[in-house]
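Since the structure comes first, as structure tokens, the remarks are kept for the end.
Every chain is numbered from 1, with letters handed out A, B, ... down the list of sequences. The figures here come from the full heavy-atom set of this structure, side chains too, leaving out hydrogens, waters and symmetry mates.
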Number of protein chains: 2
Amino acid sequence: MATTTKAAQRAQARVDYDAFLSVCPSRQLLDRISDKWVVLVLCALGGDTADGGGAPRAMRYSELSRLLAGVSQKMLTQTLRSLERDGLLTRTVTPTVPVTVSYELTDLGLSLRDLTRGLRHWAQDHMAEVLAHRDDHDAATS
Amino acid sequence: MATTTKAAQRAQARVDYDAFLSVCPSRQLLDRISDKWVVLVLCALGGDTADGGGAPRAMRYSELSRLLAGVSQKMLTQTLRSLERDGLLTRTVTPTVPVTVSYELTDLGLSLRDLTRGLRHWAQDHMAEVLAHRDDHDAATS
DNA sequence: CGGAATCCTAACCGATACTG
DNA sequence: CAGTATCGGTTAGGATTCCG
């Protein structure tokens with residue numbers, strides 16, 4: 001055995017490359033932010049509906065579920081949990097007869113929402129352009 | 001058989017819910033943007049390195065590969081292809097002896113980079129805050 | 001109502017090997 | 001150098017069912 005071993009080389013590489021983006025602490029957050037459902041939940045709770053208007057407001061679980069629709073309750077719950085854990089939203093349980101739970105963005109969550117809103121608007125604004133490029137490319141490489 | 005059938009109900013639901021966010025055309029773009037490697041490639045080509053400075057510049061495949069490091073060539077190629085297809089960057093092949101390929105952001109890509117840069121900065125700025133919340137939460141739910 | 005637990009498939013993604 | 005092709009492990013994520 002012994003002799004170099006690819007594993008050792010890989011381990012070394014894993015140390016070397018970390019310089020730029022890999023273990024940068026913001027990477028973990030970036031990964032979290034770059035989650036599809038995270039962005040959508042932020043949009044929903046932030047009142048950033050399709051028309052771009054609306055004020056932030058608390059919403060109940062079922063309300064979110066209905067609004068985001070395409071999401072399974074598993075993903076919704078999972079997303080809400082992680083956002084709560086990170087302090088981007090608060091979860092309030094009201095022990096009424098059938099339990100009532102409402103979610104609301106914190107200041108931290110609101111600040112992030114401003115950015116995700118930008119992403120949404122960019123997507124809307126440049127949609128046509130991107131689709132045009134896509135067609136050109138597909139036609140050229142057919 | 002016949003009788004309602006859950007499948008039919010689900011099919012109906014699938015039509016109903018599309019109103020808000022599901023089939024909104026910006027959703028497809030949002031999904032693309034919300035990709036980890038897409039954001040990193042944009043940062044790299046946009047000159048948005050860890051220190052936040054730098055001007056956009058063309059980069060070669062191997063250069064990107066080295067800079068992003070954690071990425072496999074499969075993911076890098078795949079990401080670059082999709083970005084090229086969407087017109088966010090250009091791929092230029094120079095038929096030198098060993099082929100030279102360089103990638104550069106288009107205006108469209110640059111406009112998106114401005115947003116992803118914002119995300120990166122948000123992540124850096126609020127990193128500590130998020131981690132603090134996370135600790136609190138973990139301690140409370142232990 | 002608002003979840004948690006289970007199962008199970010589809011996709012992502014990394015490692016390897018081969019091409020031009 | 002800059003890819004493509006293939007295989008396999010890991011995980012995301014959907015459907016279903018049950019619980020407080």
*Would you find a donor on one side and an acceptor on the other, under 3.5 Å apart, between the side chain of B/Ser65 and the backbone of B/Tyr61?*
no

*asked:* Quick one: does any side-chain atom of B/Thr77 pair with a main-chain N or O of B/Lys74 as donor and acceptor, under 3.5 Å?
replied: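 Flag not set: sc B/Thr77 to bb B/Lys74 has no pair under 3.5 Å.
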
Side-chain heavy-atom pair [X], [Y] within 4.5 angstrom cut-off:
| X | Y | answer |
| --- | --- | --- |
| B/His133 | A/Leu108 | yes |
| B/Val130 | A/Leu88 | yes |
| B/Leu64 | B/Leu80 | yes |
| A/Leu89 | A/Leu42 | no |

Quickly work out the [X] [atom1] to [N] [atom2] distance and round it to whole Å.
| X | N | atom1 | atom2 | result |
| --- | --- | --- | --- | --- |
| B/Met59 | D/dC1 | CE | C1' | 15 Å |
| A/Gln78 | C/dA4 | CD | P | 11 Å |
| B/Lys36 | D/dA12 | NZ | P | 11 Å |

_Applying side chain to side chain contact (heavy atoms under 4.5 Å, CB included) to B/Leu112 and A/Leu119, what does each step give before you reach the verdict?_
CA-CA 8 Å; B/Leu112 179 55; A/Leu119 285 180; 4.3 Å; yes

*Position toward the 5' end of DNA chain D (nearest nucleotide), A/Met75 or B/Pro98*: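 So the residue in question is B/Pro98.
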
*If a protein heavy atom is under 4.0 Å from the base, mark B; if only from the sugar-phosphate, S; if neither, -; do that for nucleotides 2-9 of chain D going 5' to 3'.*
SSB--B--

*Mind jotting down which residue pairs meet the side chain to side chain donor-acceptor pair (under 3.5 Å) criterion with at least one end in residues 99-112 of chain B? Sequence neighbours excluded, please.*
A/Trp122-B/Ser111, B/Arg91-B/Tyr103, B/Thr96-B/Thr100

*asked:* For Watson-Crick and G-U wobble pairs within 3.5 Å on both distances, what is DNA chain D written in dot-bracket notation, | included for inter-strand pairing?
replied: |||||||||||||||||||.

